[in-house]
Protein chains: 2
Amino acid sequence: MGEPDPKSPRERYRAQVRAEIKEHAWKQIAAAGVPALSLNAVAKQMGVSGPALYRYFASRDELITELIRDAYQSLADTFRVAFVAGADVTGLAHALRDWALEDPQRYFLIYGTPAPGYHAPEDTTRISSQIMATLLDACAALASDSPATPFRAHLQEHRDWADGHPATPAALRRALTFWTRLHGVLSLELAGHFTGMGFDPALLFAAELDDLLTQRA
Amino acid sequence: MGEPDPKSPRERYRAQVRAEIKEHAWKQIAAAGVPALSLNAVAKQMGVSGPALYRYFASRDELITELIRDAYQSLADTFRVAFVAGADVTGLAHALRDWALEDPQRYFLIYGTPAPGYHAPEDTTRISSQIMATLLDACAALASDSPATPFRAHLQEHRDWADGHPATPAALRRALTFWTRLHGVLSLELAGHFTGMGFDPALLFAAELDDLLTQRA
DNA sequence: CGTGTTCGTTAGAAGTTATAACTAGAGATG
DNA sequence: CATCTCTAGTTATAACTTCTAACGAACACG
């Protein structure tokens, strides 16, 4: 009964073709961005004609949604692998930057311009909280020798996003700061806003990371 | 001879129609994002049929480029007006956030996902440095009671982006931090990454701004 | 070895950007 | 004021896009 046994030869073939489609899609996105992704062009490169792809993805949007999901998963895996390999917050930061530089458009698929009406599917928000969980793990390992702030109190009252993670308010604040500050420098670097300004983006990233770790407030 | 006298009635009409086109384009972008911008739809809304718009913009890309230019100019004006009205760094920060919240897609037109091949036209980089100049003006007014850092030295060696502005290394660093950190929180807020997390994005923005101003390093 | 599911095909509808050729009207000029 | 020119908007068309429908052929399965 239609149950997709993962070992069925048809299912195996299907999964492989889906993967190949996504492969070509990633190349097109890396080359010219999401708006330039064309199902027709992907089909042409695969030596298959047009509507054949609709056997594998119901629509262009579904393909893109799948790529977004994969991007989230890739980042979550990168974080988790780095963390279990012993990386601290600094290690996670460099893992993040390396991952982003590896494919800037993949980063922007997650953190770039959103479509006004778009709502992320349930599972991506789940993966997103996995990412946050790893970050909180790393931040919890840091000592907090700094005084409380009003915003930390606010976070303590609104800590549902930590999803039960036993992090101190200081760790919550640190994780949030990690996220927003590194995203700030990284996204501007990836978008090319620093080109022609002279300084080294890697040094700015490192300086922000250092600030983040040796912070008092 | 063909010289566009700004008072020629034809030129006035032309400028007005161009403005109306851009007006409708902004509405479409605000509603569904840049990819959903359709010249045909704009023409339909204006009660005019399709190719008529090509008298006013050579291509869809040229229209978008013009909108980007206007977005930059709008931000530069907002900053300049706030500064001459006496706003300090805090004032500029809130002017920035208000401006961004007013039309998130306009913000993302500048700081959102870039198209891989795209190079901004010369004048937008000029407007961009006007924005930076205003920010440096405000940062120069702040006292810097903090010790030098290696990155500040690096900035001092690569201060061409300041475009001759007589800012101390501390002010340069402060301007850069203002930019990256506030962009970090703001872009994540505008993209909706904080929705459902519980805390108040405005408080996070204020906390980051406070950190920025009362910073030691 | 049938039998049915599924895959890929071609045809086509509805949309897009953009160009070409034409018409009608407005502005500029004598 | 008459005329001339230039331009704005029109329709037709090409080349693209996503996506649906109907068909044929190949493959897995009982």
Side-chain angles (χ1 to χ4, degrees), chain A residues 1-29 31-68 115 117-118, chain B residues 1-29 31-68 115 117-118:
Chain A
M1 285 302 250
E3 261 306 291
D5 184 345
K7 282 200 160 56
S8 160
R10 276 226 156 106
E11 281 300 322
R12 291 180 58 86
Y13 176 73
R14 195 175 168 75
Q16 182 184 341
V17 175
R18 278 177 66 98
E20 190 180 351
I21 293 172
K22 292 199 274 185
E23 205 65 30
H24 287 282
W26 278 121
K27 283 179 190 166
Q28 286 195 13
I29 289 177
V34 171
L37 171 60
S38 158
L39 291 192
N40 265 355
V42 169
K44 193 163 290 182
Q45 282 191 343
M46 290 178 64
V48 88
S49 261
L53 302 190
Y54 287 83
R55 296 279 172 189
Y56 301 93
F57 294 95
S59 70
R60 182 178 179 272
D61 275 4
E62 192 186 286
L63 171 58
I64 294 176
T65 298
E66 185 81 9
L67 297 179
I68 293 176
Y118 183 76
Chain B
M1 288 305 249
E3 261 306 291
D5 184 345
K7 284 202 159 54
S8 159
R10 277 218 156 113
E11 281 299 321
R12 292 180 57 88
Y13 177 73
R14 196 176 168 75
Q16 182 184 342
V17 174
R18 278 177 66 98
E20 190 180 352
I21 293 172
K22 292 199 274 185
E23 204 66 31
H24 286 281
W26 277 120
K27 283 179 190 166
Q28 286 195 12
I29 289 177
V34 171
L37 170 61
S38 158
L39 292 192
N40 264 356
V42 169
K44 193 163 291 182
Q45 281 191 345
M46 290 178 65
V48 87
S49 262
L53 302 190
Y54 287 83
R55 296 278 171 189
Y56 301 93
F57 294 94
S59 70
R60 181 177 180 274
D61 274 4
E62 192 184 287
L63 171 58
I64 294 176
T65 298
E66 185 81 9
L67 296 179
I68 294 176
Y118 183 77

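Chain naming here is simple, since letters A, B, ... match the order of the sequence lines and numbering starts at 1 in each. Note that the coordinates shown come from a computational prediction; the quantities given were computed from them, not determined experimentally.
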Nucleotide nearest [X] when distance is taken to its side chain, options [options]:
| X | options | value |
| --- | --- | --- |
| B/Ser49 | C/dA28, D/dT7, D/dT10 | D/dT10 |
| A/Ser38 | C/dG25, D/dT18, D/dA22 | D/dT18 |
| A/Leu39 | D/dT18, C/dC22, C/dT17 | D/dT18 |
| A/Tyr13 | C/dG25, C/dA11, C/dG8 | C/dG8 |
| B/Ala52 | D/dG9, C/dG27, D/dT18 | D/dG9 |
| A/Tyr54 | C/dA28, D/dT18, C/dT17 | D/dT18 |

Calculate the interatomic distance between [X] atom [atom1] and [N] atom [atom2]; express it in whole Å.
| X | N | atom1 | atom2 | answer |
| --- | --- | --- | --- | --- |
| B/Leu53 | D/dT10 | CG | C1' | 13 Å |
| A/Arg18 | C/dT6 | CZ | P | 15 Å |
| B/Leu63 | C/dA18 | CG | P | 10 Å |
| B/Gln28 | C/dT16 | CD | P | 10 Å |
| A/Leu37 | D/dC16 | CG | P | 17 Å |
| A/Asn40 | C/dG15 | CG | P | 18 Å |
| A/Phe57 | C/dC7 | CZ | C1' | 15 Å |
| B/Arg14 | D/dT7 | CZ | P | 9 Å |

Describe the nucleic acid contact of [X] in one word from base, sugar-phosphate, nothing, applying a heavy-atom distance below 4.0 Å.
| X | result |
| --- | --- |
| B/Tyr56 | sugar-phosphate |
| B/Val48 | sugar-phosphate |
| B/Arg60 | sugar-phosphate |

On a heavy-atom basis, which atom in [X] and which in [Y] lie closest, and how many Å separate them?
| X | Y | result |
| --- | --- | --- |
| B/Gln28 | B/Ser38 | OE1-N, 3.0 Å |
| A/Gly50 | A/Ala43 | N-CB, 3.7 Å |
| A/Glu62 | A/Tyr56 | OE2-O, 4.4 Å |

Discussion item. Base of C/dG27, side chain of B/Arg10 - is there a donor-acceptor contact under 3.5 Å?
Written reply: no

Discussion item. I want to confirm an ordering. Mapping B/Gly47 and A/Arg55 to their closest nucleotides on DNA chain D, which one lands closer to the 5' end?
Written reply: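 Going by which nucleotide is closer to the 5' end, it is B/Gly47.
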
Worksheet item: Nearest 0.5 Å, what's the CD1-CG distance between B/Ile64 and B/Leu37?
Response: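 Going from the CD1 atom of B/Ile64 to the CG atom of B/Leu37 covers 5.5 Å.
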
Worksheet item: Does B/Arg18 reach the side chain of B/Glu66, with side-chain heavy atoms less than 4.5 Å apart?
Response: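 The answer is yes, as the side chains (C-beta and beyond) meet within the 4.5 Å cut-off.
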
